[in-house]
Amino acid sequence: LPTKKIAIQEIENEITKKYPMEHLLIGDVGFGKTEVALNIIYLVVQNGFQVAFVVPTSLLAKQHYENLKPRLETLGIKTAQVDRFTKPKRQEIENGEIQFLIGTHSVFNYEFKNLAFLIIDEEHKFGVKQKSRLQENYANIHLLSMSATPIPRTLNLAMSKIKGMSRLTTAP
């Protein structure tokens, strides 16, 4: 099986357990981390929950948004972007109308109706305090960290089986 399908299956298996998932997805640039995330976003939203996707820069937020929005909206998923230039209406997030929110650390300033899944891209560019802030506000949130170069602390947690881990080793 291609490693993307294996990763999707591993994450799906973890997300259906009775406790919050913490999973690390490792893969080189262009190996399909976002494609794996897209499958999980669909699964989570179809089950009635919201997803937040956090990236380190406005440029990356814009790129991901422009890539994911048409694909997600084709599936009936309402999306929005937040960064220093773009701000969706708070009410649409708070009432659950927006199901998928992507952006920079600005995402941490929003209240969600039923956030169940947080994706952090390039997780090494965020501090532990930032990541745990959302997890504190939403105690049962599932967390997927994606990185080509995970920080030693995260890698150690994954290697010691405290976090789940999947690796994308085959180029598309």
Side-chain angles (χ1 to χ4, degrees), residues 4 7-8 11-12 14-16 19-27 29 32-148 150 154 163-164 166:
K4 276 194 286 191
I8 292 166
I11 295 167
E12 281 181 7
E14 272 193 57
I15 207 169
T16 57
Y19 50 86
M21 173 194 84
E22 280 200 48
H23 199 90
L24 172 64
L25 179 60
I26 301 172
V29 174
K33 295 182 297 288
T34 305
E35 290 298 314
V36 170
L38 182 66
N39 282 272
I40 305 305
I41 292 165
Y42 179 74
L43 173 72
V44 171
V45 171
Q46 290 306 301
N47 282 286
F49 297 100
Q50 291 169 295
V51 176
F53 192 142
V54 183
V55 298
T57 66
S58 296
L59 179 62
L60 190 55
K62 182 176 172 34
Q63 288 173 338
H64 275 315
Y65 179 71
E66 289 175 355
N67 178 33
L68 293 174
K69 180 183 177 183
R71 298 169 73 191
L72 290 170
E73 290 192 344
T74 300
L75 300 169
I77 298 172
K78 186 160 183 182
T79 66
Q81 175 186 353
V82 60
D83 57 33
R84 61 186 166 154
F85 307 113
T86 312
K87 305 219 181 320
K89 294 179 184 161
R90 287 189 180 276
Q91 184 179 5
E92 291 180 317
I93 295 165
E94 291 172 1
N95 69 18
E97 188 179 331
I98 292 176
Q99 300 155 303
F100 175 74
L101 180 64
I102 186 166
T104 59
H105 63 279
S106 302
V107 166
F108 297 121
N109 298 325
Y110 283 81
E111 296 288 325
F112 293 81
K113 179 180 180 180
N114 57 356
L115 181 65
F117 195 65
L118 172 64
I119 302 166
I120 300 178
D121 195 12
E122 302 296 333
E123 61 96 25
H124 59 278
K125 296 189 179 180
F126 292 94
V128 172
K129 286 181 185 176
Q130 288 175 311
K131 289 184 272 190
S132 32
R133 194 158 122 204
L134 261 184
Q135 287 179 298
E136 286 171 17
N137 291 342
Y138 302 94
N140 293 319
I141 194 168
H142 297 289
L143 174 65
L144 175 65
S145 301
M146 303 190 310
S147 185
T154 301
K163 273 187 179 205
S166 299

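All values below come from the heavy atoms of this structure, side chains included, with hydrogens, waters and symmetry mates left out. Please read all numbers here as calculations on a predicted model, not as lab measurements.
Distance check, rounded to the nearest 0.5 Å: CD1 of Ile40 to CE of Met21 gives 7.5 Å. With rounding to the nearest 0.5 angstrom, the CD1 atom of Ile26 is 10.0 Å from the OG atom of Ser145. In this structure, Ser147 OG and Asp121 CG are separated by 8.0 Å, a value rounded to the nearest 0.5 Å. Once rounded to the nearest 0.5 Å, the distance linking CD1 of Ile141 with CG of Leu143 reads 7.5 Å. Here CD of Gln50 is found 8.0 Å from CD1 of Ile93. Values are rounded to the nearest 0.5 Å. Note: Thr16 OG1 to His142 NE2 = 8.5 Å, rounded to the nearest 0.5 Å.
Partners of Glu12 according to the salt bridge (Lys or Arg N to Asp or Glu O under 4.0 Å) rule, which considers only residues two or more places apart in sequence or in another chain, do not exist here. Partners of Asn95 under the side chain to side chain contact (heavy atoms under 4.5 Å, CB included) rule, at least two apart in sequence or in another chain, are Gln91, Glu97. For Arg90, there are no salt bridge (Lys or Arg N to Asp or Glu O under 4.0 Å) partners, not counting sequence neighbours. For the side chain to side chain contact (heavy atoms under 4.5 Å, CB included) test, residues two or more places apart in sequence or in another chain that qualify with Arg84 are Ser58. Residues forming a side chain to side chain contact (heavy atoms under 4.5 Å, CB included) with Gln99 (at least two apart in sequence, or on another chain): Val45, Ile77, Lys78. When the salt bridge (Lys or Arg N to Asp or Glu O under 4.0 Å) test is applied to Glu94, no partner is found at least two apart in sequence or on another chain. Thr79 meets the side-chain hydrogen bond (donor to acceptor under 3.5 Å, both in side chains) test with Glu73; sequence neighbours excluded. Here Gln46 pairs with nothing under the side-chain hydrogen bond (donor to acceptor under 3.5 Å, both in side chains) rule; sequence neighbours left out. With sequence neighbours excluded, the residues forming a side-chain hydrogen bond (donor to acceptor under 3.5 Å, both in side chains) with Gln81 are Asp83, listed by chain and number. For Phe117, there are no ring pair (Phe, Tyr, Trp, His ring centres under 6.0 Å) partners, not counting sequence neighbours.
Among all heavy-atom pairs drawn from Asn67 and Arg71, the shortest one is O-CD, 3.4 Å. Across all non-hydrogen atoms, the minimal contact from Pro88 to Ala80 is CB-CB, 3.8 Å. Closest approach of Thr57 to Thr104, counting heavy atoms only: C-CG2, 3.5 Å.
Residue pairs meeting the salt bridge (Lys or Arg N to Asp or Glu O under 4.0 Å) criterion with at least one partner in residues 43-62, sequence neighbours excluded, are Lys62-Glu66. Within the structure, the ring-ring contact (aromatic ring centres under 6.0 Å, His included) test picks out the following pairs touching residues 37-73 (sequence neighbours left out): Phe53-His64.
Only one option out of Leu25, Ile41, Ile119, Leu68 pairs with Thr34 in a side-chain contact (heavy atoms from CB on, under 4.5 Å); it is Leu68.
Annotation for Lys87: atom NZ counts as buried by contact number, over 12 foreign heavy atoms lying within 6.0 Å.
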